[in-house]
Amino acid sequence: MNSSAPAPAKASDFIRDIINEDLQAERHQKVITRFPPEPNGFLHIGHAKSICLNFGLAYEYREKLPESGSRCHLRFDDTDPVKEDTLFEDGIQEDVRWLGFEWDGLYHASDYFEKMYEYAEYLIGAGKAYVCSLSDAETKEYRGTVTTAGKNSPYRERTVEESLDLFRRMRAGEFKDGEHVLRAKIDMANANMKMRDPMLYRIRHTAHHMTGDKWCIYPMYDYAHPISDAIEGITHSICTLEFENNRELYDWVIDNLIDYAKFPSRPHQYEFARLNLNYTVMSKRRLLELVEGKHVSGWDDPRLPTIAGMRRRGYTPESIRAFCASVGVAKANSTVDMAQLEFCIRDDLNQKAPRVLAVLKPIKIVIENYPDDKVEELEASYWPHDVPKEGTRLVPFSKEIYIEQDDFMLEPPKDYFRLAPGKEVRLRYAYCITCKEVIQDAQGNVQEVRCTYDPETLGANPVGRKVKGTIHWVSARHAQDAEVRLYDRLLSLEAPPAGKDSEFLNAINPEALQTLTGCKLERSLAEAKPGERFQFERQGYFVADVKDSKPGMPVFNRIVTLKDSWARSQKK
RNA sequence: UGGGGUGUCGCCAAGUGGUAAGGCGCCUGGUUCUGGUCCAGGUAUUCCGAGGUUCGAAUCCUUGCACCCCAGCCA
């Protein structure tokens, strides 16, 4: 794990409890975990939870027991060559590192194919596995249902010699895909469907991104995973809830191989609830559909909960780690509120993002009593009083400025303390101005607002009256034009419709992306570096887009809005 | 109707027989040249329901109920 690794959370959860007991009982002297993604897609925030857990555990116990050799492996679970690709491996590694973790060893399940094959022959020899030649459909029929027992395959009592011969010929490529499979001989009537003579190997005449054409038979997850764990000396194999039924098989594989294989550890599997977030989609299938159906711009579309998307959106790794720590690790299925995630990024950026002035939807203000050609360079702090950082820049002030459309109202409610006819507001870091006249077009749209300023109010409160509101502004003459992309929640529904089809596409929030052009940024933002984050005062946190922002032609993404108690109260 | 799991505040989540942590959200008030931040206070007489054991139960027992997972040659 690298230096940017998370401060160890004080976290305690059922997994840490189990580990502590194991250590205390001296069942283990160290903790070895692994993060085992299948390289067939991009990582998302749900994976981040698993990453933080597995890598976090190794980090914590290395702190606690420095000599223990506790570690976390990155292992690609590459047992299905038809879906997997090196491209995904690269993306996954980038994401894990970006999150702040470094693996203690990079492995592939395919590293162990030869061993797995050897063990399979052993199992056959021990009468614990056999080659089955039932068709796909027959296999399904023989398996039974959740409420009725399955029945034995007619090939179940094949002799060891025959199975061994067939299995070797499977490897040799003598059969077509689907002609034979290797199965564990367990119990076709077992109440746990996973134990009804599960498949161990299938034939796939497909090149593998790591092993090339070396194999045409590939192990199944339930066989490959426990073996990979055991070979690597994993002590605690952590996965999600849907694998609870597989644990019995996991144990079967290890128990039946451990004496023969002399594994360095007897790993145990523990399951925790995967992360769900409202207002978005997390399943691989739906993410893939959004990307392939061009409903989003790619895996790194800022609307997506993918790590790549969140990175481009402007999320920090620290905020994602803090989020993962905040949701905890437990066994109850749950859906975390997006507000929790938003809190984490605001909380992080509040300390890190310099404040800056930017008008997104401009409306022009002319200050009548301000000299035509005068320009004042006003000093503005990058940080609010509560952030202990130093730094200022000069912002130019002149007769014509832009303010936000939302900061002016023709007929304001009583508790609106921004600009309105006859009302006075403070311009941030500058003067107080009073609205004198509103120029509208034929349709009644406000074209321009004419104000006067009070020269006595620079750095001083007006005398004899109090001005409650402060609004942001940008000098028209000095403004940097920019494109700003306003991002919001992917879905307009808390949860996508449950259907197996593409129904969830109808739930896409049409305002999840709103592209604004002609935005007016303060001059200092012209040279913003791609990836640089700012708070646009009173509006939210923004990042210069890594792909599209160019010096002189900035493009900003909104990471998250600021909390807005005014807007909230207005909604009621 | 089989098996494996889970049910504590709107959302997460501690708690493992001694009288309901914490975070998010929400509400109040204060501070404030960001209606941000920060600060102070409030927000479950109750732990899926019903019985029972006990001086005492979210925690033990009994019995219901709800939800999730398992019938890919995916992981």
Classify the side-chain pair Tyr130(A)/Asp197(A) by whether it contains a donor and acceptor separated by less than 3.5 Å.
yes
Atom-pair distance (CG on Asn246(A); P on rA71(B)), nearest Å
9 Å
Heavy atoms under 4.0 Å, any strand shown: does Val329(A) hit a base, just sugar-phosphate, or nothing?
sugar-phosphate
Pairwise C1' distance, rA57(B) and rG18(B) [rounded to whole Å]
9 Å
Have a look at Gln539(A) and say if it touches a base, only the backbone sugar-phosphate, or nothing, with a 4.0 Å heavy-atom cut-off.
nothing
State whether a side-chain donor-acceptor pair under 3.5 Å links Thr280(A) with Arg489(A).
no
Using only side-chain N and O atoms of Arg346(A), determine if any of them is under 4.0 Å from OP1 or OP2 of rG36(B).
no
Please name the nucleotide paired to rU53(B) by Watson-Crick or G-U wobble geometry with both distances under 3.5 Å, or report none.
none
Would you mind pulling out the nucleotide paired to rA75(B), Watson-Crick or G-U wobble, both distances under 3.5 Å?
none
Any N or O donor-acceptor pair linking the side chain of Asn333(A) to the base of rG7(B) at under 3.5 Å?
no
Please determine, by modelled atom types, if Tyr112(A) and Glu232(A) share a side-chain donor-acceptor pair under 3.5 angstrom.
yes
Hey, is the side chain of Arg143(A) poking within less than 4.0 Å of OP1 or OP2 on rC70(B), counting only N and O atoms?
no
Under 4.0 Å, heavy atoms only, any strand: does Gly150(A) hit a base, just the sugar-phosphate, or nothing?
nothing
Take the protein atom CG of Asp337(A) and the nucleotide atom P of rA13(B), then report the distance between them rounded to whole Å.
13 Å
Select base, sugar-phosphate, or nothing to describe what Tyr223(A) touches, counting heavy atoms under 4.0 Å on all strands.
nothing
For rC9(B) versus rG56(B), give the span between their C1' atoms, rounded off to a whole number of Å.
24 Å
Tell me if the side-chain of Asn245(A) makes a donor-acceptor pair with the base of rG3(B), cut-off 3.5 Å, by modelled atom types.
yes
Quote, to the nearest angstrom, the P distance that separates rG30(B) from rA66(B).
50 Å
In whole Å, I'd like the distance from the CG atom of Asp564(A) to the C1' atom of rU37(B).
14 Å
Does rA75(B) have OP1 or OP2 under 4.0 Å away from a side-chain N or O of Arg75(A)?
no
At 4.0 Å (heavy atoms only), tell me whether Tyr201(A) reaches a base, stays on the sugar-phosphate, or touches nothing.
nothing
Identify which nucleotide among rG2(B), rG35(B), rG25(B) has an atom closest to any side-chain atom of Phe343(A), counting heavy atoms from C-beta outward.
rG25(B)
What nucleotide, of rA71(B), rC11(B), rC26(B), holds the atom closest to the side chain of Val146(A)?
rA71(B)
Would you indicate what Tyr429(A) reaches in the nucleic acid, counting non-hydrogen atoms under 4.0 angstrom: base, sugar-phosphate, or nothing?
base
What I want to check is whether an N or O donor and acceptor connect the side chain of Arg428(A) with the base of rU34(B) at under 3.5 Å.
no
For rC65(B), the Watson-Crick or wobble partner whose two distances fall under 3.5 Å
rG7(B)
Electrostatic pair Lys361(A)-Glu404(A), nearest N-O below 4.0 angstrom
no
Under 4.0 Å between a side-chain N/O of Arg274(A) and OP1 or OP2 of rC12(B), yes or no?
no
Find the partner of rG29(B): check Watson-Crick (N1-N3 plus N6-O4 or O6-N4) and G-U wobble (N1-O2, O6-N3) distances, both under 3.5 Å, and reply none if neither fits.
rC39(B)
As its Watson-Crick or G-U partner within any shown strand, both distances under 3.5 Å, rU45(B) has none
Report the nucleotide, chosen from rG35(B), rU32(B), rG2(B), that has the shortest atom-to-atom distance to any side-chain atom of Met193(A).
rG2(B)
For Ser135(A), report the nucleic acid contact type (base, sugar-phosphate, nothing); a contact means any heavy atom under 4.0 Å.
base
Salt-bridge contact Arg538(A)-Asp407(A) (side-chain N to carboxylate O under 4.0 Å):
yes
With distance as the sole criterion, is a donor-acceptor pair present between the side chains of Asn40(A) and Glu84(A) under 3.5 Å?
no
Ion pair present between Glu424(A) and Lys468(A), side-chain N to carboxylate O less than 4.0 angstrom?
no
I need the OH-P distance between Tyr279(A) and rC12(B), as an integer number of Å.
13 Å
Decide side-chain hydrogen bond (donor to acceptor under 3.5 Å, both in side chains) for Tyr541(A) and Gln535(A); before the verdict, give the C-alpha distance in whole Å, the side-chain angles of both, and the deciding distance to 0.1 Å.
CA-CA 4 Å; Tyr541(A) 294 99; Gln535(A) 183 195 102; 3.2 Å; yes
Under 4.0 Å, heavy atoms only, any strand: does Tyr218(A) hit a base, just the sugar-phosphate, or nothing?
nothing
Only one of Phe167(A), Tyr218(A), Tyr223(A) forms a ring pair (Phe, Tyr, Trp, His ring centres under 6.0 Å) with Tyr117(A), so which one is it?
Phe167(A)
Could you tell me how far apart Asn276(A) (CG) and rC67(B) (P) are, to the nearest whole angstrom?
17 Å
What's the closest nucleotide to the side chain of Lys140(A) if the choices are rU37(B), rU6(B), rA71(B)?
rA71(B)
Under 4.0 angstrom between Thr470(A) side-chain N/O and rG35(B) OP1 or OP2
no
When rounded to the nearest Å, what value does the distance between P atoms of rC55(B) and rC48(B) take?
25 Å
At under 4.0 Å between heavy atoms, what does Asp77(A) touch on the DNA or RNA strands: base, sugar-phosphate, or nothing?
sugar-phosphate
Looking at rG36(B), I'd like to know if its phosphate oxygens (OP1 or OP2) sit under 4.0 Å from a side-chain N or O belonging to Arg355(A).
no
When all nucleic acid strands are considered with a 4.0 Å heavy-atom cut-off, which category describes Thr145(A): base, sugar-phosphate, or nothing?
base
So what does Lys331(A) hit on the nucleic acid, given a heavy-atom distance under 4.0 Å: a base, only sugar-phosphate, or nothing?
sugar-phosphate
Nearest whole angstrom, please: distance from the P of rG4(B) to the CZ of Phe272(A).
23 Å
Return the value, rounded to whole Å, for the distance between atom CG of Asp348(A) and atom C1' of rU37(B).
14 Å
Base, sugar-phosphate, or nothing: which does Leu562(A) touch, judged by heavy atoms less than 4.0 Å apart?
base
Quick one: label Glu38(A) by what it contacts on the DNA or RNA (base, sugar-phosphate, nothing), any heavy atom closer than 4.0 Å.
sugar-phosphate
Would you indicate what Gly328(A) reaches in the nucleic acid, counting non-hydrogen atoms under 4.0 angstrom: base, sugar-phosphate, or nothing?
nothing
Output yes when at least one side-chain N/O atom of Ser569(A) is less than 4.0 Å from OP1 or OP2 of rG35(B), else no.
no
When rounded to the nearest Å, what value does the distance between C1' atoms of rU37(B) and rA20(B) take?
31 Å
From the list rG5(B), rC26(B), rC12(B), which nucleotide is the closest neighbour of the side chain of Arg568(A)?
rC26(B)
How close or far is atom P of rC33(B) from atom CG of Asp407(A), stated in whole angstroms?
17 Å
Answer with yes or no whether the side chains of Asn278(A) and Thr335(A) bring together a donor and an acceptor at under 3.5 Å.
no
